[in-house]
Amino acid sequence: VSTTIDSTRFGRIEVAPDSAISFPGGLAGLDSTTFTLIARAEDDAFVWLHSLEDPALALPLADPRRFFSGFALEPAPPAGAAVYVTVRASERLEEFTANLRAPIVIADGIGEQVINEAPGAELRAPLFAELAAAAAEQAA
Amino acid sequence: MLIITRRPGERIVLGDDIVVTVMEISGQTARIGIAAPRELPVYREEIWEAVKAENQAAAAVDPASLPQVPPPGDGADE
């Protein structure tokens, strides 16, 4: 039996029961403990962590390794875990940031926001800095 | 607020499964050890506040504001 959420952002979404992700410790500042991951398109750089309890609560996540070649997570996540970082948007692309300091680790339907003790894990790391640098290099 | 005086090596027990240990005191700095169930998040306060602000900012993102990002390796040299 799948559940549906009437997302304020994405409309009606069917959620398979085995795709629920429980966050026993919650997420700091957010009032929800059960989420699911929504990908809007295959190969989209962003997925949405959508609450199953609040149709208006969803946050964009990115795969940190796609944007930050030097990304490291300490302590290391369990084998097979998916690691994401939350994204802060802005009107200017240069001001988009990702929170490398507190990645979201998901394994076996359980999610946790962990504190990354790796050196250089910034709270607001410029999200597109490496892509912009690579594009500039190519144009040069 | 409950205020308790502790020496290094002494502990405080919160409920059944949380133990706070004063590990070491050196000048203005106290090293604290915390043993708590895995599902109980433990943060330094300033980090918790910062993470909270980032989470709330992420939760306010409009999907339309996210740009299209070229697939990995697309047009790149590697």
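Heavy-atom basis, side chains included; hydrogens, waters and symmetry copies ignored.
- For a residue to count as touching a neighbouring chain, one of its non-hydrogen atoms must lie under 4.5 Å from one of that chain's; by this rule A:Glu112 touches chain B with the side chain only.
- Using modelled atom types and a 3.5 Å distance limit, the side chains of A:Thr4 and A:Glu14 yield no donor-acceptor pair.
- More than 12 non-hydrogen atoms from other residues, nucleotides or ligands lie less than 6.0 angstrom from CG of A:Asp43.
- Per-residue counts of heavy-atom pairs under 4.5 Å with chain A were compared for B:Ala59, B:Ala60, B:Ala57; the largest is that of B:Ala59.
- Contacts of B:Ala64 with chain A are absent, with no heavy-atom separation under 4.5 Å from either backbone or side chain.
- Aromatic ring orientation, A:Phe128 versus A:Phe67: perpendicular (interplanar angle above 60°, classes split at 30° and 60°).
- Ranked by heavy-atom pairs shorter than 4.5 Å toward chain B, the options A:Pro60, A:Ala45, A:Ala102, A:Pro24 are led by A:Pro60.
- Residues A:Arg101 and A:Glu122 are not paired through a salt bridge, judged by the lack of any N-O separation under 4.0 Å between the basic side chain and the carboxylate.
- Salt-bridge annotation for A:Glu117 and B:Arg44: present, with a side-chain N of the basic residue lying under 4.0 Å from a carboxylate O of the acidic one.
- Contacts with chain B were tallied for A:Leu61, A:Thr86, A:Leu30; A:Leu30 has the most, counting heavy-atom pairs under 4.5 Å.
- Scanning residues 2-41 of chain B against chain A with a 4.5 Å heavy-atom cutoff picks out B:Arg38, B:Glu39, B:Pro41, ordered by number.
- Ring pair A:Phe10/A:Trp48 is perpendicular by interplanar angle, where above 60° counts as perpendicular and below 30° as parallel.
- Side-chain atoms of B:Gln68 and A:Asp44 include no donor-acceptor pair closer than 3.5 Å.
- Between A:Thr33 and A:Ser22, every side-chain heavy-atom pair lies at or beyond the 4.5 Å cut-off.
- A:Arg9 places a side-chain N or O within donor-acceptor distance of the main-chain N or O of A:Ala56, the cut-off being under 3.5 Å.
- Only the side chain of A:Leu93 has a heavy atom closer than 4.5 Å to any heavy atom of chain B.
- Interface remark: A:Leu57 contributes side-chain atoms only to the contact with chain B (heavy atom separation under 4.5 Å).
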